[in-house]
Amino acid sequence: MRLSRYFLPVLKETPADAQIASHRLMLRAGMIRQQAAGIYSWLPLGYRVLRRIEQIVHEEQQRAGHIPLLMPTLQPADLWQESGRYNAYGPEMLRIRDRHDRDILYGPTNEEMITDIFRSHVSSYKDLPLTLYHIQWKFRDEVRPRFGVMRGREFLMKDGYNFDLTREDALHAYNRHLVSYLRTYERMGLQAIPMRAESGPIGGDDTHEFLVLADTGESGVFYDSEITDLRFGDRDIDYDSVEQCQGVLEEFTSRYARTDDTHDEAVFQEQVPEARRREARGIEVGQIFYFGTKYSEPMGATVATQGGERVPVHMGSHGIGVSRLVGALIEANHDENGIIWPEGVTPFHCGIVNLKQGDAAADGACEDLYKALRAKGLDPLYDDREERAGAKFATMDLIGLPWRITVGPRGLKNGVVELTCRRTGESEEMTPEAAVARVAEIYAGI
RNA sequence: CGGGGCGUAGCGCAGCCUGGUAGCGCGUCGGUUUUGGGUACCGAAGGCCGCAAGUUCGAAUCUUGCCGUCCCGACCA
């Protein structure tokens with residue numbers, strides 16, 4: 001993309017309403033525009049990041065064998081009356097009345113609807129196990145939205161639902177989700193720690209939240225410092241293997257790690273040596289639940305067993321806060337100059353800064369770089385504006401592309417351009433061809 | 001939902017107390033200049049001063065109500 005033809009409304013000054021780094025930077029980098037309290041438009045740059053995160057979630061869900069579908073944002077109230085949650089949910093649920101005076105609602109979650117879909121099409125144990133998911137906008141009418149997209153009212157979320165014949169099968173689904181979530185977050189360049197959590201209004205017997213450590217997190221967390229050394233890495237997991245999934249779960253959840261909701265100081269002190277006890281704050285970016293027959297029983301989601309008996313299915317639900325992750329990623333990856341995107345989610349793979357627009361050598365070298373990078377399947381952002389070098393650098397730093405190729409007449413005289421890493425600030429001079437090769441190599445494994 | 005702010009140009013703000021021609025900086029547009037970390041100068045455009053009612057000869061300014069929005073707390077992914 002050529003910046004002169006793109007839409008990137010960056011702000012020099014910080015909007016007064018933004019309090020935390022991610023919100024401030026998303027506004028300044030022209031990623032979002034607030035339309036109402038907790039409701040945002042996603043401008044092109046922000047939309048690119050959102051879509052990349054969404055894409056990673058899709059890929060990892062399907063790798064784990066889960067099946068995508070798409071349910072509507074608006075739901076009829078009667079499904080919720082059936083489950084008993086229409087009255088239980090409270091004012092957080094946005095309730096609307098249509099022209100025929102029918103009660104509908106903007107879905108805060110989809111357990112009822114997915115259960116309805118399941119019960120009308122599945123009736124045999126032979127169709128199990130089944131895990132369906134979608135990535136869809138939700139609405140929760142928070143009393144006090146804040147922190148930009150981290151706690152908006154409208155938010156994009158992946159929510160998935162597993163249907164299993166037995167409790168054991170459902171617990172495997174739970175474990176499988178935990179494993180796939182670890183892998184999902186790691187691909188985004190995030191460490192998200194599974195922590196034992198309260199079940200909240202979704203309800204359930206077993207639940208873990210995934211938290212990204214950040215000072216601006218909404219939850220207090222307590223954990224064994226050894227847990228931050230764990231890496232999922234690129235291990236090859238058979239998602240159908242009960243043992244393998246169970247093993248990963250044990251590895252990642254055996255050490256003490258809890259949010260303040262479930263924190264038990266006595267247990268913490270007993271299980272964790274003092275030197276390894278950590279107290280910090282975290283941003284919740286996902287949660288997994290096992291809730292058994294909580295919805296299948298009242299809503300009649302049953303299947304016939306081998307013996308012909310009809311039994312309610314065992315279910316769980318699992319969420320990843322896709323839009324919230326954009327904010328969480330920035331909270332975990334920024335400095336005083338702006339955002340620093342991990343390679344896995346960056347809106348553009350690298351930036352090209354032309355220090356002297358209009359200089360034949362510089363313009364030509366930039367065009368060549370631009371084409372060469374694209375030929376490698378990369379997506380560069382070429383700053384071809386008639387701006388001073390300082391302004392271009394400041395913009396690049398702000399929007400946080402992990403790599404920058406700087407091209408100027410001075411370097412070109414020696415046949416070199418400069419490749420700079422946004423995170424470390426280190427830069428190296430090399431030929432344009434070498435820079436293209438290096439950037440391509442960096443992204444080859446991502 | 002309790003407590004406290006704030007709504008004036010795209011953004012950041014002053015003016016309000018003490019009523020009388022709506023301002024500044026950034027950005028934008030035109031020009032000159034400059035060109036390796038937000039360059040300098042000249043010029044220009046851009047406002048129902050959140051909305052409504054009231055007081056007044058006269059309201060951005062005072063009063064009342066409403067709306068929006070932000071912060072702290074409670075709540076929440």
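It should be emphasised that the depicted structure is a prediction, and the values quoted were computed from it without experimental measurement. The sequence lines fix the lettering, A, B, ..., with proteins before strands; numbering per chain opens at 1.
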Checking side-chain hydrogen bond (donor to acceptor under 3.5 Å, both in side chains) for the pair A:Y89/A:R95: CA distance, chi angles, key distance, verdict? CA-CA 11 Å; A:Y89 218 91; A:R95 296 149 206 264; over 6 Å; no

In whole Å, measure the gap between the P atoms of B:A44 and B:C26 for me. 15 Å

Between B:C76, B:C71, B:G38, spot the one nearest the side chain of A:Q19, thanks. B:C71

Checking side-chain hydrogen bond (donor to acceptor under 3.5 Å, both in side chains) for the pair A:Q287/A:T207: CA distance, chi angles, key distance, verdict? CA-CA 7 Å; A:Q287 188 161 12; A:T207 177; 2.9 Å; yes

Rounded to whole Å, how long is the line connecting atom CD of A:E218 with atom P of B:G73? 13 Å

Gap in Å between the two C1' atoms, one belonging to B:G54 and one to B:G38, rounded: 49 Å

Sticking with atom C1', work out how far B:U21 lies from B:G15, rounded to a whole angstrom. 14 Å

Pick the nucleotide of RNA chain B nearest each of A:M150 and A:A394; which residue has the one closer to the 5' end? A:A394

Would you indicate which nucleotide in B:G37, B:G38, B:G12 comes nearest to any side-chain atom of A:A391? B:G38

Counting distance alone, no hydrogens or angles: does the base of B:G12 have a donor or acceptor under 3.5 Å from a partner atom on the side chain of A:R28? no

Donor-acceptor pair under 3.5 Å, A:R140 side chain vs B:C75 base: no

Is the A:F222 ring parallel, tilted or perpendicular to the A:H263 ring (thresholds 30°, 60°)? parallel

Can you confirm whether A:D103 is buried at CG, in the sense that more than 12 heavy atoms of other residues, nucleotides or ligands lie under 6.0 Å from that atom? yes

Euclidean distance, atom NZ of residue A:K12 to atom C1' of B:U39 [Å, nearest integer]: 10 Å

Does B:G36 pair with anything, Watson-Crick or G-U wobble, both distances under 3.5 Å, and if so, with which nucleotide? none

Identify the nucleotide, in any strand shown, that forms a Watson-Crick or G-U wobble pair with B:C6, with both distances under 3.5 Å; if there is none, say none. B:G68

Is A:G411 touching bases, backbone alone, or none of the nucleic acid, heavy atoms closer than 4.0 Å? base

How far does the C1' atom of B:C17 sit from the matching atom of B:U61, given to the nearest Å? 9 Å

Roughly, in whole Å, what's the span from CG in A:D383 to P in B:G38? 15 Å

As its Watson-Crick or G-U partner within any shown strand, both distances under 3.5 Å, B:G12 has B:C24

Near-strand residues of residues 29-55 of chain A, defined as heavy-atom separation under 4.0 angstrom from RNA chain B: A:Q34, A:A36, A:A37

Please tell me if A:R144 has a side-chain N or O lying less than 4.0 Å from either OP1 or OP2 of B:C75. no

Expressed as a whole number of angstroms, how long is the span from A:E386:CD to B:G31:P? 12 Å

Here the gap from A:L11 atom CG to A:M26 atom CE, rounded to the nearest 0.5 Å, amounts to 13.0 Å

Mind checking A:T14 for me? I need base, sugar-phosphate or nothing, with any heavy atom below 4.0 Å counting as a touch. sugar-phosphate

Using distance alone, with no hydrogens and no angle criterion, decide if A:N162 and A:H318 have a side-chain donor and acceptor under 3.5 Å apart. yes

Could you state the atom-to-atom distance from CG of A:L355 to C1' of B:G38 in whole Å? 14 Å

To the side chain of A:R146, which of B:G37, B:A74, B:C11 is closest? B:A74

Return yes if the base of B:G27 and the side-chain atoms of A:E13 contain a donor-acceptor N/O pair under 3.5 Å, otherwise no. no

Classify the ring geometry between A:Y133 and A:H66 as parallel (under 30°), tilted (30 to 60°) or perpendicular (over 60°). perpendicular

OP1 or OP2 of B:G36 under 4.0 Å from side-chain N/O of A:R388: yes

What orientation do A:F163 and A:F118 show, parallel under 30°, tilted 30 to 60°, or perpendicular over 60°? parallel

Would you mind telling me which of B:G36, B:C70, B:C76 lies closest to the side-chain atoms of A:D17? B:C70

Could you check how far CD of A:E418 sits from P of B:G37, rounded to whole Å? 11 Å

Between B:A52 and B:C41, how far is it from one C1' atom to the other, in whole Å? 46 Å

Qualifying residue for side chain to side chain contact (heavy atoms under 4.5 Å, CB included) with A:M430, from A:V436, A:V416, A:L419, A:I405: A:L419

Taking the C1' atom of each, how far is B:G68 from B:U18, in whole Å? 30 Å

Is it the case that A:E60 and A:S180 place a side-chain donor and acceptor less than 3.5 Å from each other? no

With rounding to whole Å, what would you report as the distance between B:G58 and B:C71 at their P atoms? 40 Å

Pairwise C1' distance, B:C67 and B:C24 [rounded to whole Å]: 29 Å

Using whole Å, report how far CG of A:L412 lies from C1' of B:U35. 15 Å

Heavy atoms under 4.0 Å, any strand shown: does A:G408 hit a base, just sugar-phosphate, or nothing? base

Just the rounded figure in Å: distance from P of B:G25 to CG of A:L11. 20 Å

